[in-house]
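Quick notes on the structure that follows.
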Amino acid sequence: MKIEIDHIGIALHSINSALNFYQQLLGIDKSDEEILEERGIKVAFLYVNDVRIELMEPIREDSEISNFLQKRGEGFHHIAYKVDDIEKVFEKSQELGYRTLSDKPTIGAEGNLVFFLHPKSANGILTEFVQHINE
Ligand code: CO
């Protein structure tokens, strides 16, 4: 199975204030922002060669990153691996007894298929798998 790092997710109170660092100091371009209504977050991607940085900001108090921000503050949130057969990885995760955060892959940012492994099943790292749909 082909696997590579797709992106690294960073939880922020404000994407705009973090962009000063990424754009002014490092000159990294960002993609357009996208609202993920169900998850209660806004995301923007920065491109660093083949790896992307996903900046995530809550758009409401019960967003999926609100607890994280409250408990741990801004910072590293998850790592995402790009795979070519997400159903297969999902089934294997289930077979091996790893804890997933959904009962099947769902539509995530950019319309891609995603699922997450709970940090307790992945050595303390919230782990996302992504299969790109439009390539
Ligand atoms: Co992500």
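Side chains are part of it too, since the values below use all heavy atoms of this structure and drop only hydrogens, waters and symmetry mates. Counting starts at 1 for both ligands and their atoms, following the listed order. Please read all numbers here as calculations on a predicted model, not as lab measurements. Numbering starts at 1 and runs along the sequence shown.
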In Glu128, the N, O or S atom nearest to the Co ion (ligand 1) is which?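 It is OE1 of Glu128.
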Atom of His78 nearest the Co ion (ligand 1) (restricted to N/O/S, atom name only):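 Of all N, O or S atoms in His78, the Co ion (ligand 1) lies closest to NE2.
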Heavy-atom side-chain proximity of Gln131 to Glu87 below 4.5 angstrom: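 When only atoms from C-beta onward are counted, Glu87 and Gln131 do not touch, as no gap falls below 4.5 Å.
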Test item: [X] side-chain N/O and [Y] main-chain N/O as donor-acceptor pair under 3.5 Å:
X     : Y     : result
Glu54 : Ile10 : no
Arg60 : Glu37 : yes
Glu33 : Val43 : no

Of the backbone and side-chain N, O or S atoms of His7, does one lie nearer to the Co ion (ligand 1) than 2.8 Å?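 Checking the Co ion (ligand 1) against His7, an N, O or S atom does fall under 2.8 Å.
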Do you see an N/O/S atom of Glu54, backbone or side chain, under 2.8 Å from the Co ion (ligand 1)?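 Yes - counting backbone and side chain alike, Glu54 has an N, O or S atom under 2.8 Å.
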